[in-house]
Amino acid sequence: MKRPKILLVLAFTILMAKAESADSPSSDQQFLFMSGKISAEVKDNFFPLKSFDGKKLRLDGSGKAIRLTKNLNCSMRPVVVTSSSYADIRGFEYSLGSNSDKFHAMMAASEMNAEQMRYEAGNEFETATGAAGSASLPGTGNDKEWAELDELTKTQIDDEFQKSGMNNWVDNVYGQCSIVSNKNLKNAYAALVLSFDASGKKGSKNNRVTFVRLTRVGEIDANIEQTFKFDCEFPEIRALSSLVEVFLFDGKNMPVATNRSRGLQRLSSEQVEEFRELQKKQGKK
């Protein structure tokens with residue numbers, strides 16, 4: 001059995017008889033919960049995250065800080081931790097989208113605008129020439145031809161969406177929530193763990209696919225509700241179901257407990273000491 005699993009089992013065994021509610025925590029209350037060790041990819045290698053200054057990530061083993069982007073590839077190793085920082089995440093919601101869908105929608109809108117401009121230009125030309133007795137000029141005064149052109153444009157747009165099939169595929173997630181913290185958090189960021197049941201190729205089984213993406217949260221003032229929005233990208237997949245988990249950290253890479261944390265439990269002072277002793281023993285093995 002791997003060390004993190006041993007520590008997890010022992011920690012939860014200690015808490016079984018003395019678990020308390022995590023409502024209205026005080027600033028010195030300690031919590032035990034599942035968090036993670038984050039690493040970011042640089043040139044096909046993953047380096048552990050050390051800190052975040054609000055714009056760039058500093059990594060252990062990589063001399064140059066890297067900018068946080070919406071498609072930065074990251075990994076997370078689950079760990080059980082304790083912290084006195086706690087934040088309530090409220091109204092969490094997200095949607096999945098496709099950049100290809102957005103592209104085709106923009107192309108369709110552009111084409112519709114172009115057709116409208118051509119139509120208006122034709123009308124203006126018809127008006128200008130009609131007074132001179134030229135209402136029968138081809139492409140200007142023939143209502144049937146204009147109706148056919150409008151229908152053709154609509155059909156082309158519909159066909160583009162049908163042929164692309166991209167409305168069944170996803171490659172980005174965006175959403176929002178509000179956060180209320182019991183402490184000031186500087187340069188906070190969130191790790192989003194995106195899990196999907198993805199449709200495999202024809203004849204193959206469905207796959208469980210997971211991506212880890214980081215997103216800036218910023219400055220959080222204690223006891224003040226603040227809105228947090230996120231927008232991340234990942235390789236395109238055909239998703240049958242989805243799950244988005246949020247892990248919150250401050251700029252020094254210290255985990256923050258939330259009401260969405262797995263295994264969230266209050267700890268008494270005695271339990272904190274027992275947990276720390278367990279960590280020491282695990283470190284010696």
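Hydrogens, waters and symmetry mates play no part in the numbers below; they use all other heavy atoms, side chains included. We're numbering straight along the sequence, starting at 1.
- Take Glu277 and apply the salt bridge (charged side-chain N to carboxylate O under 4.0 Å, His left out) test, not counting sequence neighbours, and it matches Lys280.
- The salt bridge (charged side-chain N to carboxylate O under 4.0 Å, His left out) check on Asp88 picks up Arg90, with sequence neighbours excluded.
- The stretch residues 36-55 participates, sequence neighbours left out, in no salt bridge (Lys or Arg N to Asp or Glu O under 4.0 Å) pair at all.
- In terms of the side chain to side chain donor-acceptor pair (under 3.5 Å) criterion, residue partners of Thr69 (sequence neighbours excluded) are, by chain and number, Asn71.
- In this view, Thr82 and Gln30, Leu32, Leu267, Phe275 satisfy the side chain to side chain contact (heavy atoms under 4.5 Å, CB included) rule, not counting sequence neighbours.
- The salt bridge (Lys or Arg N to Asp or Glu O under 4.0 Å) contacts involving residues 248-257 comprise nothing, where partners must be two or more places apart or lie in separate chains.
- Among residue pairs with one or both ends in residues 59-72, those qualifying as salt bridge (Lys or Arg N to Asp or Glu O under 4.0 Å) are Lys70-Asp231; sequence neighbours excluded.
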Side chains of residues 212-220: which donor-acceptor pairs under 3.5 Å do they make with residues two or more places apart or in other chains?
residue	atom	partner	partner atom	Å
Arg213	NE	Glu233	O	2.7
Arg213	NH1	Asn73	OD1	3.3
Arg216	NE	Gly54	O	3.1
Glu219	OE2	Asn187	N	3.0

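- Qualifying side chain to side chain donor-acceptor pair (under 3.5 Å) partners for Thr258, counting only residues two or more places apart in sequence or in other chains: Ser261.
- Scored by the side chain to side chain donor-acceptor pair (under 3.5 Å) test, Ser62 finds no partners at all (sequence neighbours excluded).
- Residue pairs satisfying the ring-ring contact (aromatic ring centres under 6.0 Å, His included) criterion with at least one member in residues 238-268, sequence neighbours excluded, are listed as follows: Tyr189-Phe249.
- Remark: Ser269 engages no residue in a side chain to side chain donor-acceptor pair (under 3.5 Å) (not counting sequence neighbours).
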